[in-house]
Amino acid sequence: MKYKKYLMGFLFVFSILFTTIVGTSNVLADTTSYSGAYNYDNTGNKQYRFITIVKSTQWTGNHYVSGQPTKGTYLKNGDMLYYSESGGPNYSLSVGVGYKIGSVSLGIPLGKISNGTFGIGVRATGKGYYKLALNKQVKPTIMLIQYRTKQNGKWSSWGEPSVYSKKYQTVRIKPALIKQ
């Protein structure tokens with residue numbers, strides 16, 4: 001009876017630790033998947049396949065949105081500054097992909113200041129000149145393509161991959177008013 005109590009306690013602690021370790025590693029890890037091989041000619045002697053790499057989430061860091069005065073906008077406590085997520089310059093996020101490619105650059109739009117009360121508002125916590133900065137968390141997906149051929153009835157090794165497409169999903173945006 002006494003051992004049963006200890007065993008139950010051990011299993012409870014072990015299950016929490018196991019869930020924490022496994023759950024954390026799954027969230028933070030990049031995933032790579034390979035598609036099947038597809039024929040791309042009439043003879044059946046040429047094939048391609050895709051390699052899809054879903055990277056762990058990455059932050060852009062704080063960057064000012066466009067359309068702001070050089071010294072900022074004067075706001076009183078409680079005033080709001082509005083912005084649109086689209087438009088403005090892009091932040092270039094470099095994503096490592098391996099496969100002898102190295103890294104791929106993604107253009108993440110930083111947004112721009114909106115006129116009036118259109119867009120997403122950020123409230124000032126005191127009076128002064130402010131500039132609006134955004135920090136975007138994104139989840140990049142890079143798709144590579146590889147080719148191979150069949151010669152004398154035997155498939156060659158897959159060739160060096162090249163970038164086929166690149167995209168990202170915005171996970172979270174953290175706007176911040178930076179006092180000037």
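Values reported hereafter were calculated over all heavy atoms of this structure, with side chains retained and with hydrogens, waters and symmetry mates removed.
Here the closest non-hydrogen pair linking A37 and R148 is CB-NH2, 4.2 Å. Nearest heavy-atom pair across S94 and S103 is OG-OG, 3.3 Å. Across every non-hydrogen atom of Y83 and I173, the tightest pair is OH-CG2, 3.8 Å.
Separation of the Y130 and Y74 ring centroids does not fall under the 6.0 Å cut-off. Between F50 and Y34, the ring center distance fails the sub-6.0 Å criterion.
Listed for the S156 side chain is a donor-acceptor partner under 3.5 Å among the backbone atoms of T149. Remark: side-chain polar atoms of Q146 are paired, donor with acceptor, to backbone N or O of G159 under 3.5 angstrom. Judged by distance alone, with hydrogens and angles left aside, the side-chain atoms of K166 form no donor-acceptor pair with the main-chain N or O of P140 at under 3.5 Å. Side chain of K174 to backbone of N62: no donor-acceptor contact under 3.5 angstrom is found. One N or O on the side chain of K55 and one on the backbone of G96 form a donor-acceptor pair closer than 3.5 Å. Looking only at distances, no side-chain donor or acceptor of T170 sits under 3.5 Å from a matching main-chain atom of R172. Checked by atom type and distance alone, the side chain of R123 pairs as donor or acceptor with a backbone atom of G78 at under 3.5 Å.
Note on Y38: it does not cluster hydrophobically with I51, by side-chain heavy-atom contacts below 4.5 Å among ILVMFWY residues. No continuous path of ILVMFWY side-chain contacts below 4.5 Å connects V65 to I178, so the two sit in separate hydrophobic clusters. Y147 and W158 fall into different hydrophobic clusters, where Ile, Leu, Val, Met, Phe, Trp and Tyr residues are linked whenever their side-chain heavy atoms come under 4.5 Å apart, directly or through other members. Two different hydrophobic clusters hold V54 and V95 under the rule that ILVMFWY side chains link at heavy-atom gaps under 4.5 Å. Cluster annotation: I120 and L134 are assigned to the same hydrophobic cluster (Ile/Leu/Val/Met/Phe/Trp/Tyr, side-chain heavy-atom contacts under 4.5 Å, transitive).
No side-chain heavy atom of V171 sits less than 4.5 Å from a side-chain heavy atom of V138. Residues P109 and N90 have side chains in contact (heavy-atom distance under 4.5 Å, counting atoms from C-beta outward). L110 places none of its side-chain heavy atoms less than 4.5 Å from the side chain of E85. At a threshold of 4.5 Å between non-hydrogen side-chain atoms, the residues L132 and Y64 do not count as touching. Contact check for D79 versus N77: no side-chain heavy atoms found under the 4.5 Å cut-off. For the pair L75 and T73, the minimum side-chain heavy-atom distance is below 4.5 Å. For the pair Q180/K71, no side-chain contact is recorded, criterion being any heavy-atom separation below 4.5 Å from C-beta on. Here the side chains of T141 and Y168 are not in contact, with every heavy-atom distance at 4.5 Å or above.
If you take OG on S56 and CD on Q137, they are separated by 9.5 Å, rounding to the nearest 0.5 Å. For the atom pair OG1 of T60 and NZ of K136, the computed distance is 7.5 Å after rounding to the nearest 0.5 Å. To the nearest 0.5 Å, atom CD of residue Q47 and atom OH of residue Y40 are 9.5 Å apart.
Atom NZ of K150 is surrounded by more than 12 heavy atoms from other residues, nucleotides or ligands within 6.0 Å. The environment of OH in Y91 is crowded: more than 12 heavy-atom neighbours from other residues, nucleotides or ligands sit within 6.0 Å. Atom NZ of K127 is surrounded by 12 or fewer heavy atoms from other residues, nucleotides or ligands within 6.0 Å. Shown here is K112, whose NZ atom has no more than 12 heavy atoms of other residues, nucleotides or ligands within 6.0 Å.
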Quick one, T31 with I53, criterion side-chain contact (heavy atoms from CB on, under 4.5 Å). Give me CA distance, side-chain angles, the key distance, then yes/no.
CA-CA 6 Å; T31 59; I53 304 165; over 6 Å; no

What verdict does the side-chain contact (heavy atoms from CB on, under 4.5 Å) test give for L144 and V163, after you've listed the backbone C-alpha separation in whole Å, the side-chain angles of each residue and the deciding distance to 0.1 Å?
CA-CA 4 Å; L144 309 177; V163 176; 4.0 Å; yes

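Looking at S84 and S114, their side chains never bring a donor and an acceptor atom within 3.5 Å of each other. Under 3.5 Å, the side chains of S92 and S105 contain a donor-acceptor pair of N or O atoms.
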